[in-house]
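Submitted below is the structure of interest, expressed as structure tokens.
This structure is a prediction, so every number in the text was calculated from the model and none was measured. When a residue number appears, it is its place in the shown sequence, counting from 1.
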Amino acid sequence: MNLLYVFGLILGVRLASVFVVKTYYVPDEYWQSLEVAHKLTFGYGYLTWEWVQGIRSYVYPVLIAGLYKLLALLHLDSVQLLVLLPRILQATLTAYSDYRFYVWTGKRKWALFLILVPWFWFYTGSRTLANTLEASLTTIALSYFPWYGEGTAYLWPAAICCFLRPTAAVIWLPLSLYHLRKSRQSVVELILKRFLVIGLLVAGLGIAIDTYWHGHLIVTPYEFLKYNIFNNIGSFYGSHPWYWYFTVGLPTVLGINTLPFIYGIMETVRKSEKHEVSKQLLITIFLTLVVLSTVEHKEFRFVSSLLPLCLYVCVDAVSRWSYRASSTMLWCSAFVILLGNVLPAWYLSTVHQKGPIDLMPKLRDIAQEYRDEREHRANILFLMPCHSTPFYSHIHENVTMRFLTCEPNLKNQENFKDEADRFYESPNHWLSSHIPIHPRTALPTHVVLFDSLTEKIGDFLTNYKLLHSIEHAEVIQMDESQALLNDWSKALGAQPPNLASLLQHRQLRTGRAIQVYQRLLKGEENTFNRDQLPSEQDTESQIFDNRFN
């Protein structure tokens with residue numbers, strides 16, 4: 001196939017994902033990239049605790065900030081372009097990495113098919129996540145790895161990976177040892193003249209960038225490891241059983257591609273002499289999963305860098321199988337794989353958790369146009385789990401906004417609870433303690449919350465009218481899964497997580513819709529939105545409301 005046509009096809013799919021994927025995945029897509037770049041460029045925004053403590057590198061945000069600065073100089077810094085261009089940049093890099101995967105795997109048709117269809121890669125390939133960048137760089141590095149010859153070009157993208165996310169070293173350590181073992185060059189010469197020089201150059205440039213933007217000498221990979229690995233801060237945001245990556249994490253990321261991957265494993269084990277590359281990749285995958293499993297906090301995106309390794313194993317095995325398979329079997333297999341990827345990709349990209357993305361244009365209009373009776377601009381309060389939405393990067397107006405924070409226990413305080421936990425324990429008490437109600441103009445002009453919270457703070461919302469209700473996601477019931485999880489954990493000899501408590505926690509804090517309330521202006525009656533609030537309020541509560549309003 002013509003390589004130019006192949007790259008054009010891949011680029012078209014990745015650019016299409018920029019416009020198709022309109023849902024919320026994880027906060028880091030915005031808070032660890034776009035929000036940081038916005039603050040660097042425009043001087044206002046919010047930096048999370050990771051940036052205050054220095055565990056994040058500015059390398060990726062600086063690239064996005066460069067785009068923002070160019071737009072600002074050209075007076076083209078509209079919100080639409082601020083949101084769109086970074087995703088196009090990432091989608092283009094992802095497309096190039098997919099092209100390199102195609103070249104690396106011998107320009108096979110199955111390689112092109114299997115790199116284009118995975119639902120998870122379509123869902124995340126254009127997102128401004130450090131994990132997406134890491135996965136792209138990993139694929140590029142693998143394509144330059146000296147599987148059959150000599151070469152060290154792969155060290156550059158691999159070193160950048162390890163600097164941006166030190167956990168990437170788990171992948172590259174066994175591969176580098178494999179390179180040193182099979183190379184005909186002197187091991188000492190390779191280490192001193194290639195590994196060490198390239199590593200120091202990449203680290204030196206990264207440290208220089210971080211030192212400049214953090215304002216003091218800092219080695220962010222060390223800070224990353226200190227907080228996330230040595231101090232286990234990540235467990236504050238949730239923990240999973242040790243076997244989670246093997247039973248849930250990687251199989252979910254692969255989706256239906258788990259089937260050809262399992263077939264690839266069996267073929268590699270049976271005929272290891274014919275699958276030398278796949279054998280080494282499987283060793284790397286296994287070791288990476290083992291190391292990552294020792295960390296309590298686990299997420300699907302943390303194994304996204306293993307996707308190209310797994311897909312190579314699939315391509316290697318399926319390509320050999322296709323030589324002896326019938327045309328009917330080939331087309332049926334391709335159709336099943338395609339359908340099994342299209343359905344979750346469509347649902348998760350367009351339906352599930354779309355509320356935060358649909359919300360931001362409405363908040364942007366409010367930030368631009370709203371003025372209260374004193375001609376004050378909008379003051380927006382987010383009563384949601386922290387980082388539930390994008391922030392200034394999607395509004396691009398210097399208005400007052402506040403959200404419930406969730407910094408971990410950095411000072412090792414006893415009985416520590418973050419602000420979000422304190423709020424959800426007693427919403428009305430938190431509001432009375434933190435939000436002034438007199439005069440009315442001291443109240444936030446707008447409140448953003450999930451519909452599940454409306455009944456709990458009905459008294460507070462009598463000062464507001466419902467402005468928008470935005471569909472978000474179905475709240476999934478999973479209570480029946482606890483028994484199955486208990487049996488599975490018992491078989492593995494591990495303590496099962498309490499799924500019921502996790503589900504209850506989730507349902508208390510999220511909901512089917514995101515609602516935006518606007519403060520009543522002078523002259524508007526409190527009964528404006530009375531019919532929208534819970535009718536179960538007793539007479540005494542209503543008298544209390546009217547007395548103070």
Side-chain angles (χ1 to χ4, degrees), residues 3 6-18 20-21 25-26 28-30 32-34 37 56-64 66-67 84-105 111-112 114-145 153-172 175 202 206 250 253-254 257 281 284-285 288 299-312 315 345 349:
L3 293 181
V6 169
F7 180 73
L9 173 63
I10 295 172
L11 182 61
V13 172
R14 295 308 167 207
L15 291 179
S17 73
V18 174
V20 173
V21 178
Y25 176 35
V26 290
D28 283 19
E29 179 182 355
Y30 313 101
Q32 307 298 353
S33 55
L34 301 187
R56 301 284 184 180
S57 173
Y58 273 100
V59 172
Y60 192 32
V62 163
L63 293 177
I64 299 173
L67 280 179
L84 199 61
L85 284 188
R87 293 196 61 192
I88 290 177
L89 173 66
Q90 181 56 61
T92 304
L93 179 60
T94 297
Y96 177 69
S97 73
D98 293 345
Y99 168 77
R100 290 303 309 174
F101 178 85
Y102 173 74
V103 172
W104 168 38
T105 51
L112 180 60
L114 288 175
I115 196 61
L116 286 178
V117 300
W119 75 268
F120 188 80
W121 198 220
F122 183 86
Y123 180 61
T124 62
S126 62
R127 295 183 184 272
T128 50
L129 280 164
N131 308 95
T132 302
L133 176 63
E134 178 190 359
S136 297
L137 292 173
T138 298
T139 306
I140 294 170
L142 288 169
S143 72
Y144 287 107
F145 191 86
Y154 78 94
L155 289 172
W156 292 99
I160 296 172
C161 271
C162 295
F163 186 86
L164 295 179
R165 291 190 62 81
T167 50
V170 180
I171 292 177
W172 289 108
L175 289 176
V202 170
L250 186 60
V253 169
L254 288 174
N257 297 319
L281 291 177
T284 302
I285 292 167
T288 301
E299 294 187 37
F300 295 114
R301 59 192 175 99
F302 293 169
V303 293
S304 58
S305 291
L306 293 179
L307 186 59
L309 287 75
C310 296
L311 291 179
Y312 183 96
V315 171
S349 298

Query raised in the report: Between Ser126 and Ser17, does any side-chain donor sit less than 3.5 Å from a side-chain acceptor?
Result: yes

Query raised in the report: Going from CG on Leu164 to CG on Leu137, what distance comes out if it is rounded to the nearest 0.5 angstrom?
Result: 7.0 Å

Query - Closest heavy-atom pair and its distance - Thr132, Trp121 - result: O-CH2, 3.9 Å

Query raised in the report: Just how far is it from atom OH of Tyr60 to atom CG of Leu133, taken to the nearest 0.5 Å?
Result: 5.5 Å

Report task. Check the pair Val303 / Thr288 against side-chain contact (heavy atoms from CB on, under 4.5 Å), numbers first and verdict last. Result -> CA-CA 9 Å; Val303 293; Thr288 301; over 6 Å; no

Query raised in the report: Considering residues at least two apart in sequence or located in another chain, which fulfil the ring pair (Phe, Tyr, Trp, His ring centres under 6.0 Å) criterion with Trp156?
Result: none

Query - For Tyr144, side chain to side chain donor-acceptor pair (under 3.5 Å) partners two or more places apart - result: Tyr96

Query raised in the report: Minimum heavy-atom separation for Trp119 to Leu254, with atom names?
Result: NE1-C, 4.4 Å

**Report entry** Centroid-centroid under 6.0 Å between Phe300 and Phe120 rings
**Finding:** no

Query raised in the report: Any side-chain heavy atom of Ile171 sitting closer than 4.5 Å to one from Ser305?
Result: yes

**Report entry** Considering all heavy atoms, the nearest Ala158-Ala141 contact
**Finding:** N-CB, 4.0 Å

Report task. Mind checking the CG-CG spacing from Leu67 to Leu34? Nearest 0.5 Å is all I need. Result -> 10.5 Å

Report summary line: The side chain to side chain donor-acceptor pair (under 3.5 Å) partners of Tyr30 (sequence neighbours excluded) come to none

Query raised in the report: With side chains defined as the heavy atoms from C-beta onward, is the minimum distance between Trp172 and Thr138 less than 4.5 Å?
Result: yes

**Report entry** Intermediate values then yes/no, side-chain contact (heavy atoms from CB on, under 4.5 Å), Arg100 and Ile115
**Finding:** CA-CA 10 Å; Arg100 290 303 309 174; Ile115 196 61; over 6 Å; no

Query - Distance-minimising heavy-atom pair for Ala111 and Val315 - result: CA-CG2, 3.6 Å

Query raised in the report: Quick one: CG on Leu309 to CG on Leu281, what's the gap to the nearest 0.5 Å?
Result: 5.0 Å

Query raised in the report: Taking C-beta and beyond as the side chain, do Gln32 and Thr128 meet within less than 4.5 Å on heavy atoms?
Result: no

**Report entry** Closest non-hydrogen atom pair between Phe145 and Leu175, with its separation
**Finding:** CZ-O, 3.2 Å

Requested in this report: Determine which pairs satisfy salt bridge (charged side-chain N to carboxylate O under 4.0 Å, His left out) with at least one residue from residues 126-140, sequence neighbours left out, and list them in order.
Outcome: Glu29-Arg127, Glu134-Arg165

**Report entry** Step-by-step side-chain contact (heavy atoms from CB on, under 4.5 Å) determination, Leu250 to Cys310
**Finding:** CA-CA 10 Å; Leu250 186 60; Cys310 296; 4.1 Å; yes

**Report entry** 4.5 Å side-chain heavy-atom contact, Leu93 and Ile140
**Finding:** yes

Query raised in the report: Should Leu3 and Tyr102 count as side-chain neighbours, where that means a heavy-atom distance under 4.5 Å?
Result: yes

Query raised in the report: Which distance, rounded to the nearest 0.5 Å, do you find between the OG of Ser143 and the CG of Asp98?
Result: 11.0 Å

Report task. For residues Trp104 and Pro308, report the shortest heavy-atom separation together with the two atoms involved. Result -> CZ3-O, 4.1 Å

Report summary line: d(Tyr154 OH, Leu142 CG) to nearest 0.5 Å is 10.5 Å

Query raised in the report: Taking only residues two or more places apart in sequence or in another chain, which ones pass side chain to side chain donor-acceptor pair (under 3.5 Å) with Ser97?
Result: none

Query raised in the report: Taking C-beta and beyond as the side chain, do Tyr25 and Thr124 meet within less than 4.5 Å on heavy atoms?
Result: yes

Query - Sequence-distant partners of Leu11, side chain to side chain contact (heavy atoms under 4.5 Å, CB included), two or more places apart - result: Phe7, Leu15, Thr92, Ala95

**Report entry** 4.5 Å side-chain heavy-atom contact, Leu116 and Leu9
**Finding:** yes

Query raised in the report: Would you say Arg14 and Val18 make side-chain contact, with heavy atoms under 4.5 Å?
Result: no

Query raised in the report: Does Tyr312 offer a backbone N or O that forms a donor-acceptor pair with the side chain of Thr105 under 3.5 Å?
Result: no

